[in-house]
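None of these values were measured; they are calculated from a predicted model. In the text below, chain A, chain B and the rest are named by the order of the sequence lines, each starting its count at 1.
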Amino acid sequence: MPTDEQLLLLDLWVSPFSTRVKIALAEKGLSYETQEEDVLGGKSDLLLKSNPLYAKVPVLLHNGKPVVESTNIVYYIDETWPSPQLLPACSYGKSRARFWADFIDKKVFDAGSSIWKTKGEELEAAKKEFIDILKKLEGAMGDKDYFGGDKFGFVDVILIGLTTWFYVYEKYGGFKIEKECPKFAAWINRCKKRDSVAKNYVDPERTYEFVGMLRKMHGVE
Amino acid sequence: MAEVKLFGNWGSPFSGRIEFALKLKGVEYEFIDEDIYNYKSPLLLKYNPVHKKIPVLVHNGKPICESLVILEYIDETWEKGPSLLPKDPYERALVRFWTKFLDEKCVPTLWKTCWSIGEEQEKAKEESTELLKILEGTLSDKKFFGGDSIGMVDIVANFISYWFIILQELAGLQVLTKEKFPKLGAWIDDYLNCNIIKENLPPKDKLTAYFRARFEAAAAAAK
């Protein structure tokens, strides 16, 4: 990367969306700086200026220009630094990847949140929905090693970061993904062996502690 | 010869977007009108098993679902004709941001404003006004969201230009007016004046009658 290119990631260590972007940057071999945002305590002026509509992380600033929304950031990274390409080469393959990225964004994190935010019957229903979603994703992967086929690709990047919170869902939901969706669990383990994922995969125990604090804030306990 | 089919509904702004895009690119297609509120055809369920919704574009037998995904597919596959998205990655990121904002925030809130009542409606009206102010600001001194000519953001904003105007009148509301939002008002006029758009909108009286019937049914159900 040319030395006059500057990348700054406005970050929250526990955010699975930040993790997603970090994995994408690592896949491209890009170096960047991070600025940790205290999203609960007080957001920085830079964050508020860069993402005035949502004031959320992650935000990637490329030579000072902000790109917001993590999936958008991954598209941007893939298009700006095309090698190695994360999206498939053909239009149809791209449309499949975009479809599943959209499905993942609409379903996975919210379904997971419903697990740790609820109790009793609501929790059981949330758990069932979450497992159904993982089964649909297993169907999308088919008998390949990755959502990208034989290679780790765009959809794998979009999804693997979110799995840093799956331990939280397992603990509060009282289930194991290995048992319910073994193919999915195998895919997680396969991805975690990649450098880009291993170096950026937030420790699930730390995430679990963080969510414990969120639960208290939400009055779930 | 390439075969293009579009599963949609005559009155849907979502399949409407795809029709505008295909016409803009000069792509010939077969339109299959699905009566989605009453029935989901076996073909639709086959092509969109995950969401079971329209629009679905089927190109040479292969289905593409979700209107924003379909629009990008059309732009990449048929390079002849005007571009829906810019080429520059940063500009593309901005387009994707605004189309998501429209789809996830604006359209659902504006829709809810027309169909809710009482306090819920008051709250939705306030939210709609804030969202429209943001869009007004985004237009700034441009003719279209896409600049001098229509682009993907304009096409995705189609609901606001036509469907919402009909709905708000039926609901007895004046959320979006030229006085409150002069730039959006001008955009609506310019957008609806584009040949591709005005020749492909669902007929106003048919759409009005359809929505009026739905309002009456909703009112009757509420009693």
Side-chain angles (χ1 to χ4, degrees), chain A residues 5 7 21 24 28 50-54 56 58-82 85-107 110 132-133 135-140 154-155, chain B residues 2 4 18 25 27 47-53 55-79 84-106 108 127 130-131 133-135 137-138 152:
Chain A
E5 296 249 50
L7 284 171
V21 172
K28 302 284 185 171
S50 305
N51 191 357
L53 222 58
Y54 301 120
K56 279 185 178 176
V59 177
L60 183 71
L61 287 124
H62 181 200
N63 296 333
K65 280 164 53 165
V67 184
V68 309
E69 309 263 276
S70 60
T71 299
N72 254 12
I73 298 172
V74 179
Y75 280 126
Y76 177 79
I77 290 169
D78 203 34
E79 287 174 359
T80 308
W81 296 278
Q85 179 126 66
L86 294 173
L87 271 173
C90 73
S91 302
Y92 190 70
K94 283 192 173 91
S95 74
R96 298 301 297 155
R98 289 191 180 118
F99 174 85
W100 286 109
D102 176 71
F103 175 85
I104 288 161
D105 277 348
K106 282 183 168 122
K107 303 275 186 191
D110 282 353
D132 277 348
I133 289 165
K135 290 204 157 98
K136 281 201 168 90
L137 289 168
E138 278 185 330
F154 187 85
V155 177
Chain B
V4 182
I18 310 306
K25 294 282 194 177
V27 177
Y47 286 132
N48 194 356
V50 175
H51 296 304
K52 306 179 173 61
K53 282 181 178 178
V56 179
L57 186 76
V58 182
H59 185 204
N60 293 333
K62 294 198 219 170
I64 303 112
C65 310
E66 292 299 295
S67 64
L68 299 186
V69 176
I70 299 171
L71 288 171
E72 291 217 35
Y73 177 81
I74 290 171
D75 203 38
E76 281 160 358
T77 305
W78 290 281
E79 286 176 340
L84 300 177
L85 281 119
K87 299 282 178 247
D88 171 67
Y90 189 74
E91 299 297 316
R92 289 163 77 85
L94 289 175
V95 165
R96 289 178 181 132
F97 175 84
W98 288 111
T99 52
K100 196 159 171 242
F101 173 75
L102 280 160
D103 257 9
E104 292 187 4
K105 303 271 180 215
C106 294
E127 278 175 32
E130 289 312 304
L131 293 170
K133 279 185 188 157
I134 291 167
L135 288 177
T138 305
M152 188 161 151

>> Would you say NZ of A:K135 has more than 12 non-hydrogen atoms from neighbouring residues, nucleotides or ligands within 6.0 angstrom?
In response: yes
>> With a 4.5 angstrom heavy-atom cut-off, is it the side chain or the backbone of B:I70 that approaches chain A, or both, or neither?
In response: neither
> Nearest 0.5 Å, what's the CG-OG1 distance between B:D88 and A:T80?
Replying inline: 7.5 Å
> chain B heavy atoms under 4.5 Å from A:K65: which part of the residue, side chain, backbone, both or neither?
Replying inline: both
>> Taking the six-membered ring for Trp, are B:F97 and A:Y76 closer than 6.0 Å centroid to centroid?
In response: no
> Is it the case that B:R96 places NZ or CZ above or below the six-membered ring of A:Y75, under 6.0 angstrom from the centre and within 45 degrees of the axis?
Replying inline: yes
> Is any NZ, NE, NH1 or NH2 atom of the basic residue among B:K100 and A:E69 found under 4.0 Å from an Asp or Glu carboxylate oxygen of the other?
Replying inline: yes
> When only pairs under 4.5 Å are counted, which of B:D75, B:I134, B:V69 shares the most heavy-atom pairs with chain A?
Replying inline: B:V69
> Roughly how far, to the nearest 0.5 Å, is OG of A:S91 from CD of B:E79?
Replying inline: 7.5 Å
>> If you count every heavy atom of other residues, nucleotides or ligands that lies below 6.0 Å from A:K56 atom NZ, does the total exceed 12?
In response: no
> What is the distance from atom CH2 of A:W100 to atom CD of B:E66, rounded to the nearest 0.5 Å?
Replying inline: 10.5 Å
> Which bit of A:I73 comes within less than 4.5 Å of chain B, counting heavy atoms only: side chain, backbone, both or neither?
Replying inline: neither
> Considering only heavy atoms, which portion of A:P82 lies under 4.5 Å from any heavy atom of chain B: side chain, backbone, both, or neither?
Replying inline: neither
>> Rounded to the nearest 0.5 Å, what separates atom CG in B:D103 from atom CG in A:D102?
In response: 9.0 Å
>> So, taking the atom named CG in B:L68 and the one named CZ in A:R98, what distance separates them when rounded to the nearest 0.5 Å?
In response: 10.5 Å
> Looking only at heavy atoms, what is the nearest atom pair of A:N72 and B:A93, with distance?
Replying inline: ND2-O, 3.2 Å
> Counting only heavy atoms not in B:K105, do more than 12 sit closer than 6.0 Å to its NZ atom?
Replying inline: no
>> Applying salt bridge (Lys or Arg N to Asp or Glu O under 4.0 Å) to A:E79 and B:R92, what does each step give before you reach the verdict?
In response: CA-CA 9 Å; A:E79 287 174 359; B:R92 289 163 77 85; 3.0 Å; yes
>> For B:K53, I'd like to know if atom NZ has over 12 heavy atoms of other residues, nucleotides or ligands within 6.0 Å.
In response: no
> Non-hydrogen atoms of chain A under 4.5 Å away: do they reach the side chain of B:P63, the backbone, both or neither?
Replying inline: both
>> Tell me whether the rings of B:Y73 and A:Y92 are parallel (<30°), tilted (30 to 60°) or perpendicular (>60°).
In response: perpendicular
